[in-house]
There are 2 protein chains.
Amino acid sequence: MTGRRGRPPKDVLSRDRILREALALVDEDGLAAVSMRKLARRLGVDPMSLYNHVDGKDALLDGIAEVLLAAIPPPPPGAGLRETMSALAHGFRAAMLGHPRAAPLVLTRQLASMTALAPVEAVLGPLLAAGFPPDRAVHALRAVLAFLIGTLMREVEAAPTFSGTDPEGVRRRLETLEEAGLPAVSAAAPFLAVCDHEAEFEFGLRILLDALAAG
Amino acid sequence: MTGRRGRPPKDVLSRDRILREALALVDEDGLAAVSMRKLARRLGVDPMSLYNHVDGKDALLDGIAEVLLAAIPPPPPGAGLRETMSALAHGFRAAMLGHPRAAPLVLTRQLASMTALAPVEAVLGPLLAAGFPPDRAVHALRAVLAFLIGTLMREVEAAPTFSGTDPEGVRRRLETLEEAGLPAVSAAAPFLAVCDHEAEFEFGLRILLDALAAG
DNA sequence: ACCTGAACACCGTTCAAGT
DNA sequence: ACCTGAACACCGTTCAAGT
């Protein structure tokens with residue numbers, strides 16, 4: 001009952017509030033725009049106050065990455081191996097696309113925290129239950145994860161025109177590809193000039209899950 | 001014959017010399033240490049002189065990435081589809097491992113230059129020759145590339161201890177994994193605590209090439 | 001055409017001081 | 001325990017001046 005009457009107890013600083021505001025800053029202005037000073041300004045606070053809750057800029061970026069990771073929903077409990085892996089892969093993608101400008105933090109950093117271990121457990125459980133020996137289960141997990149990281153990196157870094165929405169951008173890209181004078185590139189130019197990220201994602205994921213089911 | 005007598009014509013600045021020195025700087029001190037000023041100091045030149053040859057820091061980083069890409073050897077000319085793709089994949093990996101601290105520049109950036117198009121041509125040619133329709137050839141290329149980017153990112157960002165060389169680091173990691181109290185993670189902990197990057201690379205590559213050959 | 005140096009508007013972080 | 005502000009050692013890049 002104490003400290004909670006009248007208006008809220010004060011918009012006090014906290015690790016949580018700092019991370020939320022930092023994510024908003026990345027969403028709005030991109031990763032390059034993140035600075036301790038600018039973040040402090042947004043929070044109406046002295047830059048050095050942040051250091052009471054966050055262990056420097058690098059730890060701040062790790063923190064943002066963990067917020068993104070935490071947004072991956074757990075897979076449906078009763079599901080089989082393939083459905084579980086597919087659900088987690090789609091959940092991962094959705095979490096990254098929810099904050100495309102922050103996604104490279106997840107895709108680029110080696111995260112050691114517990115938050116990163118939850119999805120690992122969620123994949124490994126069904127793999128072991130399906131009879132995979134632990135070493136092969138880890139192999140499978142890592143192969144799929146590598147693919148996910150690679151495709152999502154392409155998707156979030158891609159210029160919006162690469163998705164094919166902007167016909168002028170596509171035309172320019174087509175032109176560049178043809179001008180290169182490389183025969184195979186020219187022949188495939190219409191397909192190189194655009195990228196249906198979702199289709200690429202589904203294609204690669206299917207191939208990998210098929211291979212794991214077979215192998 | 002002019003300007004080449006006595007000692008060399010002067011250790012003059014050039015885009016090439018700048019990129020080589022920048023790569024050396026990344027190799028020695030890491031990406032975070034790269035600054036226009038420090039690079040200029042190494043070259044014995046005013047920072048602003050760099051701008052006569054390179055279009056700012058971002059273009060410099062793109063330039064370094066292109067130097068790395070250019071180191072991928074062309075595949076053996078007479079080879080079949082699978083051998084060609086395998087050779088390029090291994091060449092890509094070798095190029096990144098030659099400069100692990102600079103590799104994220106390649107793995108992270110969308111490169112539009114001609115240098116990036118040469119390997120694409122080298123893959124697409126055999127794919128089309130093998131009868132792949134252009135759209136499926138591009139699909140295949142992108143799936144493999146996504147996997148390569150993901151695995152190599154893991155490999156170059158990994159702490160050296162993750163490779164299993166340092167038994168003390170492995171023990172600490174094992175402990176963390178067991179302490180998490182996640183059953184599947186605990187069961188697979190010995191395999192999660194280390195990573196044989198080469199084996200992971202070969203495993204994923206084989207799966208993908210098999211799938212493409214079959215499909 | 002290329003190089004220079006001063007200047008501007010920023011950075012992350014340490015440290016001593018406050019409450 | 002948390003917040004502050006000055007200070008230090010840096011940044012990338014613009015601009016006017018030199019050769």
Side-chain angles (χ1 to χ4, degrees), chain A residues 2-4 6-66 101-102 104-105 108-109, chain B residues 2-4 6-66 101-102 104-105 108-109:
Chain A
T2 96
R4 170 105 19 155
R7 42 194 188 88
K10 178 90 197 296
D11 219 6
V12 80
L13 218 45
S14 75
R15 182 181 157 85
D16 215 69
R17 199 160 90 84
I18 290 174
L19 291 182
R20 275 205 317 276
E21 195 67 38
L23 180 53
L25 175 55
V26 178
D27 285 343
E28 289 167 31
D29 298 340
L31 268 180
V34 177
S35 81
M36 298 298 272
R37 295 169 115 110
K38 202 178 317 193
L39 180 55
R41 224 175 296 136
R42 280 177 73 117
L43 289 161
V45 110
D46 185 277
M48 284 316 296
S49 299
L50 301 177
Y51 287 80
N52 289 308
H53 302 91
V54 156
D55 210 20
K57 183 174 181 178
D58 222 58
L60 173 79
L61 298 178
D62 279 340
I64 301 176
E66 276 171 35
R101 312 185 82 171
L105 294 176
T108 269
R109 294 170 169 251
Chain B
T2 95
R4 170 113 12 162
R7 45 194 185 91
K10 178 89 197 294
D11 218 7
V12 81
L13 218 45
S14 74
R15 180 181 158 85
D16 216 69
R17 199 160 89 84
I18 290 173
L19 290 183
R20 274 204 318 275
E21 195 67 39
L23 180 53
L25 175 53
V26 178
D27 284 343
E28 289 168 30
D29 298 342
L31 269 180
V34 178
S35 80
M36 298 297 274
R37 296 169 115 110
K38 202 177 317 192
L39 180 55
R41 223 175 297 138
R42 279 177 75 116
L43 289 160
V45 110
D46 185 278
M48 286 314 298
S49 299
L50 302 177
Y51 287 81
N52 289 308
H53 303 92
V54 155
D55 210 21
K57 183 175 181 179
D58 222 58
L60 173 78
L61 297 178
D62 279 339
I64 300 175
E66 275 171 35
R101 311 185 83 169
L105 294 176
T108 269
R109 294 171 168 248

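Throughout, a chain's letter reflects where its sequence line sits, starting with A, and its residues are numbered from 1. Bear in mind that the values here come from a model prediction, so they are computed numbers and not experimental data.
Taking only side-chain atoms of B:M48, from C-beta outward, the nucleotide of C:dA6, C:dG12, C:dC15 with the closest atom is C:dA6. Minimum atom distance to the side chain of B:D46 is reached by C:dT4, of the listed C:dT13, D:dC3, C:dT4. Each of D:dC11, D:dA7, D:dT13 was ranked by its minimum atom distance to the side chain of A:R37; first place goes to D:dA7. Closest approach to the A:N52 side chain among D:dT4, D:dG12, C:dC3 is made by D:dT4 (side chain taken as heavy atoms from C-beta onward). Here the side chain of B:V45 is nearest to one of C:dT4, C:dT13, D:dT13, namely C:dT4.
Between A:D55 and A:L60 the shortest side-chain heavy-atom distance does not fall below 4.5 Å. Using a 4.5 Å cut-off on side-chain heavy atoms (C-beta onward), B:L13 and B:I18 make contact.
Rounding to whole angstrom units, CZ of residue B:R41 and P of D:dA9 are separated by 13 Å. Atom CG in A:L43 sits about 11 Å away from atom P in D:dC3, given to the nearest Å. Atom P of nucleotide C:dC3 and atom CD1 of B:I18 are separated by 8 Å, given to the nearest angstrom. Remark: P of D:dC3 and CG of A:L50 are 9 Å apart, rounded to the nearest angstrom. Summarising the geometry, the separation between OH on A:Y51 and C1' on D:dA7 is reported as 14 Å, rounded to the nearest angstrom. For the pair A:L13 CG and D:dC2 P, the computed distance is 10 Å after rounding to whole Å.
Among the heavy atoms of the strands lying under 4.0 Å from B:S35 are primed sugar atoms or P, OP1, OP2 only; no base atom is included.
For residues 53-65 of chain B, proximity to DNA chain D is found at B:G56, B:K57, defined as any non-hydrogen atom under 4.0 angstrom from a strand atom. Proximity of residues 21-34 of chain A to DNA chain D (heavy atom under 4.0 angstrom from any strand atom) is not detected for any residue.
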Next on the checklist: Pairs counted only when both distances fall under 3.5 Å, Watson-Crick or G-U: show me the 5' to 3' dot-bracket for DNA chain D, [ ] for pseudoknotted crossings and | for other-strand partners.
Outcome noted: ||.|||||...|||||.||
